[in-house]
Amino acid sequence: MAQRIKTQTVRRTRGYSSPQSRDEGNPRSFAHGLNGYKLVWIFIIGCLIGFVVETIWCYVQYGHFESRKGLIYGPFSPVYGFGGIVLTLALYKLRGRNGFVVFLISGVIGAAFEFVCSWFQEMVFGTISWEYSDTPLNLGGRTNFQYAVFWGLLGMIFIKHTYPFLSRWIERIPNRLGKILTWVFIVFMIFNMLISGLAVRRWTNRSLGQPPANAVSALLDRLYPDEFMRIIYPNMSVVDEGAGDPSGT
């Protein structure tokens, strides 16, 4: 009896607990458990993986490589980065549940996320990057049943296999270095998303025949002309006909 109590005490001292809590990694890590630092790294890794997956998928489907970037600078696809954050937050507490349950919840969340992203892009930038109106069981052309199934499989694989691996890898980064790199990433990605958004909005307005209304829009015209934008975003098309941005940006 005394030996059993001693063993239990040693296990608690060494940080042993339930199987679900053992994937939390190093408690002294800057990104221990689920916190803001880890979510930033999930976002960055998701952006990179999304870019690679989209590039390979394009080659397999069409037989050639083309830009699948979501941002002007760097090989990043922020839809996948934000998708990684959404799936992590939504499924984190369900990672020990039955795989089919996780699949269903992930499919619904993923389809809703894809719908919102498409709507946001159209409303804010006047453009779309995907359109499913000609596919079966689509919702407003923004998502469909097929991709909901893909999201379900992706979410199930991610939270049960990919996330634990990424979590352990992230937590191996030294504390001080991890915090510095995280904030460098945050500043860079904010700038990258801001300038990319402004360039896309200005591209839309140029397509609608709006001349530059201020120094910012004139600078955007010089730095990011139509030819450049078509190379970065070959699948993006303008849908904001007749609306435009009155500022000309």
Side-chain angles (χ1 to χ4, degrees), residues 20 23-25 31-55 57 68-71 74-125 127-132 137-171 182 185-186 188-190 192-194 196-197 200 236:
Q20 184 161 307
D23 65 2
E24 295 296 333
H32 175 61
L34 182 61
N35 60 21
Y37 286 113
K38 183 166 287 178
L39 289 177
V40 171
W41 282 82
I42 292 294
F43 173 78
I44 296 294
I45 295 171
C47 287
L48 292 170
I49 293 176
F51 169 77
V52 173
V53 170
E54 284 283 341
T55 301
W57 175 256
R68 292 291 173 153
K69 297 166 57 169
L71 300 174
F76 302 111
S77 181
V79 170
Y80 286 86
F82 285 117
I85 291 178
V86 170
L87 289 177
T88 299
L89 292 175
L91 303 176
Y92 182 74
K93 293 185 178 180
L94 302 175
R95 62 196 187 282
R97 296 285 298 275
N98 177 274
F100 184 68
V101 173
V102 176
F103 166 79
L104 291 178
I105 295 175
S106 179
V108 172
I109 292 174
F113 172 74
E114 188 173 33
F115 184 95
V116 170
C117 286
S118 174
W119 175 85
F120 179 83
Q121 180 182 347
E122 182 175 347
M123 293 300 103
V124 175
F125 303 114
T127 62
I128 57 172
S129 295
W130 61 86
E131 218 283 329
Y132 305 137
L137 300 176
N138 73 84
L139 186 59
R142 302 186 188 280
T143 189
N144 61 21
F145 179 76
Q146 176 185 350
Y147 282 96
V149 172
F150 289 164
W151 277 107
L153 293 172
L154 177 65
M156 183 178 63
I157 294 171
F158 172 78
I159 204 63
K160 287 187 171 293
H161 302 285
T162 307
Y163 173 80
F165 170 78
L166 293 179
S167 179
R168 290 191 295 269
W169 183 84
I170 293 169
E171 293 190 24
T182 301
F185 285 148
I186 289 174
F188 170 71
M189 293 304 288
I190 289 176
N192 203 0
M193 287 188 285
L194 178 62
S196 298
V200 169
M236 190 176 290

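Counting from 1, the numbers follow the sequence of the chain as shown.
- Here Leu39 contributes atom CG and Thr182 contributes atom OG1; the two are 11.0 Å apart, rounded to the nearest 0.5 Å.
- In terms of heavy atoms, Ala31 sits closest to Tyr37 at CB-CB, 4.3 Å.
- When side chains are defined from C-beta on, Ser167 counts as touching Lys38, because their heavy atoms get closer than 4.5 Å.
- Using the six-membered ring where Trp is involved, Tyr92 and Tyr163 have ring planes that are perpendicular, over 60° apart on the 30 and 60° scheme.
- Separating the OG1 atom in Thr55 from the NZ atom in Lys69 is a distance of 10.0 Å, to the nearest 0.5 Å.
- In this structure, the separation between OG1 on Thr127 and CD on Gln121 is 3.5 Å, given to the nearest 0.5 Å.
- Here the side chains of Ser106 and Leu154 are not in contact, with every heavy-atom distance at 4.5 Å or above.
- Taken to the nearest 0.5 Å, the CD1 atom of Ile44 stands 8.5 Å off from the CD1 atom of Ile186.
- The closest side-chain heavy-atom distance from Leu166 to Trp41 is not below 4.5 Å.
- Here the side chains of Ser196 and Phe125 are not in contact, with every heavy-atom distance at 4.5 Å or above.
- Annotation: salt bridge (Lys or Arg N to Asp or Glu O under 4.0 Å) contacts involving residues 106-115, sequence neighbours excluded, are absent.
- Residues Thr143 and Tyr132 come closest through the heavy atom pair CA-CD1, 3.5 Å.
- By the 4.5 Å heavy-atom criterion applied to side chains, Leu104 and Val108 are not counted as neighbours.
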- Task: Show your reasoning for whether side chain to side chain contact (heavy atoms under 4.5 Å, CB included) applies to Leu87 and Phe113.
- Result: CA-CA 10 Å; Leu87 289 177; Phe113 172 74; over 6 Å; no

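- Closest non-hydrogen pair, Ile159 versus Leu91, comes out as CG1-O, 3.5 Å.
- Here Phe188 and Phe185 keep their ring centres 6.0 angstrom or further from each other.
- Within 6.0 Å of CZ in Phe115 there are more than 12 heavy atoms belonging to other residues, nucleotides or ligands.
- Val200 approaches Met236 most closely through the heavy-atom pair CG1-SD, 3.8 Å.
- Side-chain contact check for Phe43 versus Pro78: some heavy-atom pair is nearer than 4.5 Å.
- The salt bridge (Lys or Arg N to Asp or Glu O under 4.0 Å) test applied to Arg142 returns Glu122, not counting sequence neighbours.
- Note that CG of Asn192 is 11.0 Å distant from CD1 of Ile190, once rounded to the nearest 0.5 Å.
- Note: Ser77 OG to Leu71 CG = 8.0 Å, rounded to the nearest 0.5 Å.
- Counted by atom type alone, Glu54 and Tyr80 present one or more donor-acceptor pairs between their side chains at under 3.5 Å.
- The nearest pair of heavy atoms linking Gly84 to Thr88 is O-OG1, 2.7 Å.
- Residue pairs meeting the salt bridge (Lys or Arg N to Asp or Glu O under 4.0 Å) criterion with at least one partner in residues 79-90, sequence neighbours excluded, do not occur; the list is empty.
- Nearest heavy-atom pair across Lys160 and Asn98 is CE-C, 4.4 Å.
- Considering only heavy atoms from C-beta on, Phe76 comes within 4.5 Å of Met189 through its side chain.
- With a 4.5 Å cut-off on side-chain heavy atoms, Ile170 and Ile42 count as touching.
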